Novice: 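Following this message is one structure expressed as structure tokens.
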Amino acid sequence: MQSAQQPYDRQTGVVVLGAGAAGLAAAISAREAGAEVLVLEKCPPETAGGNTRVSGGSWFENLDAQRAAVYLRSLCGDLPVSEAVIRTWAEETRHNTRWIEGLGAAVAVNGAYPPEFPHLDGADCYGGYHSLEGRMGDQLLYRFLVDAALARGVEICYATPGRELVIDGGVVTGVVAESGGGPLRVRARTGVVLATGGFENDPAMVRDYLRLAPCPVWGSPAGTGDGHRMAQKAGADLWHMGNMTAFSGIRVPGSDTGFFMVPPATGYIWVAPDGRRFVDETPALGGHGQSRIRGRDELHPAQPAYVVFDERTRRAGPLCPPREYLPVGWKVLIEGYEWSLDNQAEIDRGWIRRADTVEGLAAGLGVAPETLAETVRHWNAACAAGRDERFGRRAESLTPLEQGPYYAFELAPLLGWTSGGPRRDERCRVLDPFGSAIPGLYAAGSVSSTYSWAKDGGFHIADALAFGRVAGRTAAVPPAITSDLEEISASSVG
């Protein structure tokens with residue numbers, strides 16, 4: 001923790017760390033509230049924007065705030081968040097579309113998607129997706145918010161990661177960042193907003209909090225828990241650190257990022273490193289990051305595995321959805337990778353292993369050949385019988401593996417976002433372990449997402465926009481004035 005006694009290099013009203021949806025929403029709202037705003041973004045312009053830049057860029061249409069509050073409580077299940085946070089979330093997400101349109105965007109419905117948890121109370125609040133121009137992904141939301149911020153006088157400094165908070169008398173008064181290879185000390189007259197994203201690309205945090213081996217990420221590799229560490233050093237409490245959004249992904253050797261996997265046909269199985277199937281590969285879908293297993297929504301898969309398939313599935317289409325279908329993800333939008341339609345380029349790259357026989361494939365994977373061969377025989381027998389007695393896979397998905405050559409790739413949980421971080425209240429004030437606000441410090445977005453367990457489509461962007469605005473408005477008011485206003489409000493109520 002840095003001392004306020006050292007001289008500052010510059011000063012401003014509000015400092016926002018991170019230029020994703022939450023950070024830019026906070027910056028715009030703080031500016032509209034009359035504050036001078038400086039955004040410090042970790043990455044250079046080519047890769048800035050965190051997960052927002054490579055996400056679907058859509059937010060859910062909240063049809064009814066009261067029902068949305070019910071739905072969020074249902075989604076939290078036995079891991080509740082505070083009622084004040086729930087009420088603010090329900091009200092603020094209701095205004096997302098109007099706010100974006102007010103900035104000058106053309107917004108349209110992006111398909112009438114049903115809720116992913118229709119069985120839960122409150123799901124009738126869900127009205128599908130809204131997005132810019134009615135289009136998903138392609139960096140549209142990120143680029144629009146950057147332009148909107150700049151047009152309103154917000155300054156954005158790229159390649160300037162925040163490193164430490166400055167504390168003066170228990171109040172967060174500034175940030176020490178890194179710029180041009182040296183420190184940059186910035187004073188924040190009214191507040192610092194953490195919008196630094198998650199910790200999905202910090203292997204130690206993923207291991208300690210998510211109980212997972214290092215996983216590839218679908219989004220930005222810049223999510224390394226920077227804001228979490230800064231907040232903890234300032235005395236912050238933490239909430240729902242074990243929650244995340246993850247999908248079935250393809251691990252690429254030597255890369256932090258991976259590909260989202262959507263098999264083009266049902267002729268495949270998942271096997272553990274011992275060569276045996278261990279789960280129904282096609283469970284009933286849950287929400288973003290969970291599937292319905294044993295009556296509960298759980299991460300699927302939660303362990304290393306291989307996807308084994310045959311020539312018929314290889315020829316059925318690309319394992320990774322093409323950009324024209326799903327313009328989302330780091331590999332697709334930032335690296336510009338186009339997955340081959342027949343998967344042959346990825347076989348040639350060594351990302352997918354190939355062998356003429358199942359036994360030969362097993363040898364290449366380091367799996368006992370006789371075990372994998374037995375697994376495939378049992379699978380083919382189940383397909384012939386029309387019944388998967390081991391794991392209850394749906395009958396219509398029982399397609400045998402009988403057309404060589406045979407293929408396999410390494411399956412891994414593909415981390416999209418982590419949700420946990422510094423605990424905050426409904427006004428985005430970061431709280432210490434005793435429930436008191438740390439003056440001058442605020443958080444929004446994936447660094448401190450609202451969601452303690454399940455979430456629906458478009459919920460992450462909705463949360464970032466909603467609480468980004470709240471954080472910006474709150475941070476624009478000096479902490480001392482905020483406390484005075486609270487005392488006056490409490491007295492008038494009494």
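Computed from a predicted structure; not experimentally measured. For the single chain, residues carry numbers from 1 onward in sequence order. Atoms considered below: every heavy atom in the structure, side chains included; atoms not considered: hydrogens, waters and symmetry mates.
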Novice: Between W339 and F259, is the ring centre distance below 6.0 Å?
Specialist: yes
Novice: Ring centres under 6.0 Å, that's the criterion: do Y113 and W59 meet it?
Specialist: no
Novice: Does CD belonging to Q232 count more than 12 external heavy atoms closer than 6.0 Å?
Specialist: yes
Novice: Listing request: all ring-ring contact (aromatic ring centres under 6.0 Å, His included) pairs with a residue in residues 135-156, at least two apart in sequence or in separate chains.
Specialist: none
Novice: In the structure I gave you, are the side-chain heavy atoms of E92 and R469 within less than 4.5 Å of one another anywhere?
Specialist: yes
Novice: Are the side chain of S436 and the backbone N or O of D432 linked by a donor-acceptor pair below 3.5 Å?
Specialist: no
Novice: Please say whether the positively charged group of R251, taken as NZ for Lys or CZ for Arg, lies over the ring of F409, i.e. under 6.0 angstrom from the six-membered ring centre and within 45 degrees of the axis.
Specialist: no
Novice: Side chains of T93 and N62: any donor to acceptor distance under 3.5 Å?
Specialist: yes
Novice: Not counting sequence neighbours, list each pair that qualifies as a salt bridge (charged side-chain N to carboxylate O under 4.0 Å, His left out) and has a residue in residues 222-231.
Specialist: K42-D226, D202-R229, D226-R229
Novice: Could you give me the CA-CA distance, side-chain angles and deciding distance for W218 and F247, then say whether ring-ring contact (aromatic ring centres under 6.0 Å, His included) is met?
Specialist: CA-CA 9 Å; W218 193 9; F247 304 88; 5.0 Å; yes
Novice: Between Q139 and R53, is there a donor-acceptor pair closer than 3.5 Å when you use the side chain of the first and the backbone of the second?
Specialist: no
Novice: Main chain of S448, side chain of H240: is a donor-acceptor contact present, judged purely on distance under 3.5 Å?
Specialist: no
Novice: Taking only residues two or more places apart in sequence, or in another chain, which ones meet R189 in a salt bridge (charged side-chain N to carboxylate O under 4.0 Å, His left out)?
Specialist: E36
Novice: Any salt bridge (charged side-chain N to carboxylate O under 4.0 Å, His left out) involving residues 152-162? Give me the pairs, sequence neighbours left out, ordered by first then second residue.
Specialist: R10-E155, E32-R152
Novice: Please list, chain by chain and in numerical order, all residues satisfying side-chain hydrogen bond (donor to acceptor under 3.5 Å, both in side chains) with R349, sequence neighbours excluded.
Specialist: Y337
Novice: Can Y451 and F459 be said to form a ring-ring contact (aromatic ring centres under 6.0 Å, His included), step by step?
Specialist: CA-CA 9 Å; Y451 310 117; F459 268 41; 5.5 Å; yes
Novice: Which residue is it: V192, V172, V193? I am looking for the one with a side-chain contact (heavy atoms from CB on, under 4.5 Å) to Y442.
Specialist: V193
Novice: Residues two or more places apart in sequence or in another chain: which of them pass salt bridge (charged side-chain N to carboxylate O under 4.0 Å, His left out) with E61?
Specialist: none
